[in-house]
Amino acid sequence: MTTWPASKRHAAKVVRALKRDYPDATCALEFDDPLQLLIATILSAQCTDKRVNLVTRDLFRRYPTAAHFVRVRPTTLENAIRSTGFFRNKAKAIKQCCEKLVELYDGEVPQDMEKLVKLPGIGRKTANVVLGTAFGIPTGVVVDTHVTRISRRLGMTPQKDPVKIERELMQQVPKREWIDFSHRMIYHGRQICVARKPACEQCSMAKLCPKIGVDMPSPV
Ligand code: SF4
């Protein structure tokens, strides 16, 4: 039977190993201000950060403020972000989000979880990315597909729902580590604990990891 070693002690070992392996891990999306990170995060859904960075270099030069995104024609914006995939939905999300930012907050991104998740298309994951990375405010743990997969394999949670996973990780990982922990888990998911065939033989956590579900098809 599967056992779940979820505990603060186990989490502390994971945090330590990740810190040692990825001391400088940070967000791979390029941005100069919170609005740019918000938009880059919307664009990063189902797309690589590398592709997003290629697109946003020109995009942010052409549309430097939320008001610029409100004014741009939907088809023009769709064409500018087409290569990131799901471009119609993403263009709509960016425009609706920027409309609310201009209407409610003078075009500024609020430094507040409750206000952020009320913006169209912004969930806890995006809000955590923006608050943690752009403002340095630890409001939670970013739970994307990498964090979901690795935290389950490591036995830190049996959950599949990102909100429940985040709640459990927040209980185990000290608040001061939340921002870096998310970045490091994502790095680890890209380099070692990949979805299809994790490189457990190269992983520094091999001894402390129960490798839950590793022999079976990945849940995400
Ligand atoms: S030991 Fe394997 S399953 Fe566990 S974290 Fe490392 S790569 Fe992932």
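The model shown is predicted, which means the values in this text are computed figures rather than measured ones. Throughout, numbering of the chain's residues begins at 1 and tracks the sequence.
- Here the CG-OG1 distance, from D49 to T56, works out to 10.0 Å after rounding to the nearest 0.5 Å.
- Taken together through direct or relayed side-chain contacts under 4.5 Å among Ile, Leu, Val, Met, Phe, Trp and Tyr, L43 and V70 form parts of separate hydrophobic clusters.
- Annotation: side chain to side chain donor-acceptor pair (under 3.5 Å) contacts of R88 (sequence neighbours excluded): none.
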Would V14 and M156 count as a side chain to side chain contact (heavy atoms under 4.5 Å, CB included) if you check the C-alpha gap in whole Å, the side-chain angles of each, and the deciding distance to 0.1 Å?
CA-CA 9 Å; V14 171; M156 298 177 85; 4.2 Å; yes
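- Every side chain to side chain contact (heavy atoms under 4.5 Å, CB included) that D21 has, sequence neighbours left out, goes to S204.
- Applying the side chain to side chain donor-acceptor pair (under 3.5 Å) rule to R62 yields the partners D58; only residues at least two apart in sequence or on another chain are considered.
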Quick one: do L77 and K90 satisfy side chain to side chain contact (heavy atoms under 4.5 Å, CB included)? Show the steps, please.
CA-CA 9 Å; L77 182 56; K90 289 179 182 177; over 6 Å; no
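- With a 4.5 Å cut-off on side-chain heavy atoms, V52 and T41 do not count as touching.
- With sequence neighbours excluded, the residues that form a side chain to side chain contact (heavy atoms under 4.5 Å, CB included) with N79 are R82.
- For Q36, the side chain to side chain donor-acceptor pair (under 3.5 Å) test picks out no residue, with sequence neighbours left out.
- Between K125 and E166, none of the side-chain N atoms (NZ, or NE/NH1/NH2) sits under 4.0 Å from a carboxylate O, so this pair counts as no salt bridge.
- One finds the NZ atom of K13 at 16.0 Å from the NZ atom of K8 (value rounded to the nearest 0.5 Å).
- Atom CZ of residue R149 and atom NZ of residue K160 lie 15.0 Å apart, to the nearest 0.5 angstrom.
- The shortest side-chain heavy-atom distance between R152 and I212 does not fall under the 4.5 Å cut-off.
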Apply side chain to side chain contact (heavy atoms under 4.5 Å, CB included) to residues T26 and D180 and explain how you reach the verdict.
CA-CA 7 Å; T26 186; D180 289 338; over 6 Å; no
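- Remark: C97 SG to L35 CG distance equals 8.0 Å, nearest 0.5 Å.
- Residue pairs meeting the ring-ring contact (aromatic ring centres under 6.0 Å, His included) criterion with at least one member in residues 35-86, sequence neighbours excluded, are Y63-F69.
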What's the verdict on salt bridge (charged side-chain N to carboxylate O under 4.0 Å, His left out) for D161 and R167, showing C-alpha distance, side-chain angles and the deciding distance?
CA-CA 10 Å; D161 172 56; R167 205 176 300 138; over 6 Å; no
Would you please test L169 and V147 for side chain to side chain contact (heavy atoms under 4.5 Å, CB included) and show each step?
CA-CA 10 Å; L169 292 177; V147 178; 3.8 Å; yes
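- Criterion: ILVMFWY side-chain heavy atoms under 4.5 Å apart, direct or through other members. Under it, I192 and V194 are not part of a common hydrophobic cluster.
- Between atom CD1 of residue I94 and atom CD1 of residue I42 there is a gap of 5.5 Å, rounded to the nearest 0.5 Å.
- In this structure, V72 and K95 have side chains that are in contact, with non-hydrogen atoms separated by less than 4.5 Å.
- Annotation: ring-ring contact (aromatic ring centres under 6.0 Å, His included) contacts involving residues 120-139, sequence neighbours excluded, are absent.
- The side chain to side chain contact (heavy atoms under 4.5 Å, CB included) search around P198 returns R153, C193, C200, V214, not counting sequence neighbours.
- When hydrophobic clusters are built by joining Ile, Leu, Val, Met, Phe, Trp and Tyr residues whose side-chain heavy atoms come closer than 4.5 Å, directly or via intermediates, V130 is grouped together with Y105.
- A salt bridge is defined here as a Lys NZ or Arg NE, NH1 or NH2 lying under 4.0 Å from an Asp or Glu carboxylate O, and D24 with R184 fails to meet this definition.
- To the nearest 0.5 Å, the span separating CG on L37 from SG on C27 amounts to 5.5 Å.
- Only one option out of R51, R57, K50 pairs with N53 in a side chain to side chain contact (heavy atoms under 4.5 Å, CB included); it is R57.
- Annotation: side chain of H146 is in contact with side chain of R190 (closest heavy-atom distance under 4.5 Å).
- Partners of D144 according to the side chain to side chain donor-acceptor pair (under 3.5 Å) rule, which considers only residues two or more places apart in sequence or in another chain, do not exist here.
- Annotation: salt bridge (charged side-chain N to carboxylate O under 4.0 Å, His left out) contacts of R9 (sequence neighbours excluded): none.
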Enumerate donor-acceptor pairs with a distance under 3.5 Å from any side-chain N or O in residues 107-117 to protein atoms, sequence neighbours excluded.
residue, atom, partner, partner atom, Å
D112, OD1, E114, N, 3.0
D112, OD1, K115, N, 2.9

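- Annotation: ring-ring contact (aromatic ring centres under 6.0 Å, His included) contacts involving residues 158-196, sequence neighbours excluded, comprise Y22-H188.
- Residue K100 qualifies as open at atom NZ: its count of foreign heavy atoms under 6.0 Å is 12 or below.
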